[in-house]
Amino acid sequence: MFKFFLVKLAQLVPTFIGVTIVAFAFIRLLPGDPILLMAGERGISAERYAQLESQMGFDRSLVVQYLDFLKGLLHGDLGNSLVTHAPVMDEFMSRFPATLELSLFALAFAVIIGLPAGVLAAVKRGKTLDHTIMGVSLTGYSMPIFWWGLLLIMLFSSTLGWTPVSGRISYMYFIEPVTGFMTIDSLIAGDWGAFLSSLHYLILPSIVLGTIPLAVIARQTRSSMLEVLGEDYVRTARAKGLSNFRVIMVHTLRNALISVVTVIGLQVGLLLAGAILTETIFSWPGIGKWMIDAISRRDYPSVQGGLVLIAFIVMIVNLLVDLAYGVINPRIRH
Amino acid sequence: MALLDIEGLSVRFKTSSGLFAAVEGVDINVDRGEVWSIVGESGSGKSVSMLATMGLLPWTAQVTADKMTFDGQDLQQLSSRQRRRIVGGEMSMIFQEPMSSLNPCFTVGTQIDEMIKQHLGGSRKERHERALDLLAQVGIPDPARRIKAYPHQLSGGMSQRVMIAMAISCNPRLLIADEPTTALDVTIQAQILELLLRLQEDTGMALILITHDMGVVAETAKHVVVQYAGRQVEKQDVKSLFANPRHPYTEALLSALPERAGNQARLPTIPGVVPGQHDRPSGCLFNPRCQYATEHCREVEPVPAADDPARTLCHYPLEDGISPSPAAAGAARDNPQSSPHREVRP
Amino acid sequence: MSTISTPAAPGSFRYQLASFWSDFSASRGALVGLIFIVFILLVALFAPWVAPHDPAMQDRAALLVPPVWHAEGSWNYVLGTDAVGRDILSRLIYGARYSLSISAMVVVISMGVGIFLGLLAGYFRGWIETVITRVMDVVLAFPSLLLALGLVAILSPGLTSAMIAIALVQLPYFVRLTRAAVIGEKNREYVIASRLSGAGHLRLMFNTLLPNCMAPLIVQATLSFSTAILDIAALGFLGMGVQPPTPEWGAMLANAREFMGSAYWAVTFPGLIILLTVLMINLMGDGLRDALDPKMKRS
């Protein structure tokens, strides 16, 4: 098992280097002079130009620049934002918990609904319930989530007034950030009102962000379940006189989960991409909104740092998924 | 009263092109402690009829029978809960592919334990000891270690032993073995058969052995059912079957045995294959492959004669190895193998 | 689709096409999807004749007019107008041109390049394969929309850069599928026979191997097509894709966002048409997959 982990880790190294090269090349790929581009229409003084040039190391050779970039990266130094002048790493880390919290809630929503729906569809194969579940999940799978978010806001916030429109928590509360998770921090502060408020603010964004993963999980669960239901060992389980419930929930689902877990892991990249749209719609102060703002403000060091860090997160999650796969699949564990 | 009493069993599958009768008109009546064998080529519906008895067919299957009782209980009338008490507990089954018949996600011990817990109960410790006993009983070395093994760590022969241990774990009165040795190495095959027969003798359970191998039948069974294309064509005790096969198909199966072929250079074969769903002939289903077939056989479906204890599904059942069919005279000239055999193996 | 033919398969091409069609049309969803796609293609093609108004025409007398079924609505503007008095229906009809043509270009580019790279990787193996698969791994390490956004930021927002960015993001799927299919087919008898009879590398790659790897690629192409429509709209919505006043569906949504509370129609219809189009393409894709390759699964 440990060897399996090391092999997977070693396989990540080339991808890691590739990601850093892409991110490094990002600013150098800008057509024309990157500093002038960053300055935009306002123009720039010669003094400031020289300062920026040496600050970003554009006056040295590309190889030296790359090694510098790599060295900084390994020390957690991604340069400073052109807008706020704060370190990109700090800017990122202060916003990441918001995105992580939202993504976890969205994933929980997707799994809690998608998994049972997929199992139900497989068990009721060919029946109306199966067709309904599959129809709904294909619709969810095809959903433009930015529109879905607007639609839900129009219905639940504007018309019915059930849910808040934007932000993470009601302005009535101020919670000292400890973990950066609004739900956990409000519990730490012992403020139940704040906790409920943060949950209230999470509902719509989680549903919107979780819609596509939900559909993917439901579809994958159904097809894995159908595949496993045809296996000899499921027949053996029935031949043992076990209840239908036990045959499905223990013998079939346990094996179907192996491929479902892989698919759930693959949703993380999708969640981070979806977070860009969801956070924009709900003014959620996470990294998705931060990236969009950085792009529109031509804050290239922030964009570059964000690209690298997000790619790392995706790679690490994929590694964890491989590990989880090893844990639930005895053929790899032993 | 027979332990398992089945009359007129039919299984039909719903397919895109209508109903397909995979099994039709199968009778079997197994008494306590008897060893039966169901013989036929692949596609003859032997597994399907036993899976139907166990209630293991998918929902696309329609199972009907004039009579289907186990120990006097009507299997067709039982609720699914009552039926599950019999299945696995009193009537259990092992399968052709031992490697894929065990759940890859659970240890051997867990899978045996689950069965004991379902039907016998008992404390965790008692169940664990019973599982160890069972593994020793089926000849698995070092049971204390093997009980923690996952199926992928076992060989095919070992897996089949585990399956057998699991199947006999609740002292069943009937064990159905569906081609238990087909997927195994030749040397292992004999060991597994021996094990099954020993367990049968020790426990006094009845055993139904599904096979396509007449050699296995000769070595194991007391009673034989021969199936062809889903129809039961003959049912006899093993001695008279080998001495006097009544159906031309049985005769042909017997002549394909190496022991019977004598010193011929080539083993005789039965030309053609079992008809499938779409190529069923009219009349007798065996007629395209039967050396005695006549125009009558090609047009009219045979029914067993009322006074025939073997219930032979043939217009011209063989008498002492000689076919009364008008076509027999010519066939006998062409093929010396149609001459009767005197040698009786069992 | 004249490429779906296997030398080993029985029967003529016509026979295969017929059997493909009978499998495909067995699924009602797939047929509905196909009919809808054909319909919307025709509408896009004949937009100038079908659309009731010029999509750029601003009727100052009719700002935010509701759809026809409202009391204040009129048959002149069936789906209502937007904040500057443009006819929403006409803009949706013209918008179909952008969405469909950009997405089609995305599929053509990424499928073409992807097949080429996948063939190289699967056919030559060795270091070529290593380099190509590693680069694709790197592309896959970035969330697709984020990478597309980053690229658009470099290339400056607009139609062409959106197209290139999304094509690049789709590329790895085609490369992986082609490579896997080529590796699977490479040692089959018919390929060896072709090589022994003196076929060159190019001929082997494109004439012998490629046609036999097409089934999964066609399915992937429909999937990419629907993803491309979604991504184009997302970029447009974020202001990084097709720029206003072009009547692109995503950009229309972004414009209408601020009138969400007062003019639901301006938000609802562009999104609905995106959803419907993507859903219908996916329905068709499911049918294609079942008809072409029952083993292939899509999650």
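Proteins get letters first, then strands, A, B, ... in listed order; numbering begins at 1 in each.
Listed by first and then second residue, the side chain to side chain donor-acceptor pair (under 3.5 Å) pairs that reach into residues 130-142 of chain C are C/Arg134-C/Asp137, C/Asp137-C/Arg176, sequence neighbours excluded.
With sequence neighbours left out, A/Asp130 forms a side chain to side chain contact (heavy atoms under 4.5 Å, CB included) with A/Ala121, A/Arg125, A/Met134, A/Arg222. A search for ring pair (Phe, Tyr, Trp, His ring centres under 6.0 Å) contacts involving C/Phe142 returns nothing, not counting sequence neighbours.
Across all non-hydrogen atoms, the minimal contact from C/Leu279 to A/Ser142 is CA-OG, 3.3 Å. The two residues A/Met315 and C/Ala141 come nearest to each other via the heavy atoms CG-CB, 4.1 Å. A pairwise comparison of heavy atoms in C/Leu149 and A/Ile292 identifies CD1-CD1, 3.6 Å as the closest pair.
Listed in order of number, the residues of residues 30-40 of chain C that approach chain A to under 4.5 Å between heavy atoms amount to none.
Both the backbone and the side chain of C/Tyr264 come within contact range of chain A, with heavy atoms under 4.5 Å apart. Residue contact with chain A, scored on non-hydrogen atoms closer than 4.5 Å, is absent for C/Ile229. Only the side chain of C/Met240 comes within contact range of chain A, with at least one heavy atom under 4.5 Å from a heavy atom of that chain. Residue contact with chain C, scored on non-hydrogen atoms closer than 4.5 Å, involves the backbone and the side chain of A/Val19 alike. Interface remark: C/Leu238 contributes side-chain atoms only to the contact with chain A (heavy atom separation under 4.5 Å).
With hydrogens and angles ignored, the 3.5 Å screen pairs a side-chain donor or acceptor of C/Arg257 with a backbone N or O of A/Ile281.
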Please assess A/Leu272 against C/Leu146 for the test side-chain contact (heavy atoms from CB on, under 4.5 Å), listing each intermediate value before the final yes or no. CA-CA 8 Å; A/Leu272 289 174; C/Leu146 188 68; over 6 Å; no
What's the verdict on side-chain contact (heavy atoms from CB on, under 4.5 Å) for A/Trp147 and C/Leu275, showing C-alpha distance, side-chain angles and the deciding distance? CA-CA 9 Å; A/Trp147 173 70; C/Leu275 172 63; 3.8 Å; yes
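Heavy atoms from other residues, nucleotides or ligands lying under 6.0 Å from CH2 of C/Trp69 number more than 12.
Note: A/Leu277 leads A/Leu271, A/Val268, A/Ile153, A/Leu277 in heavy-atom pairs under 4.5 Å with chain C.
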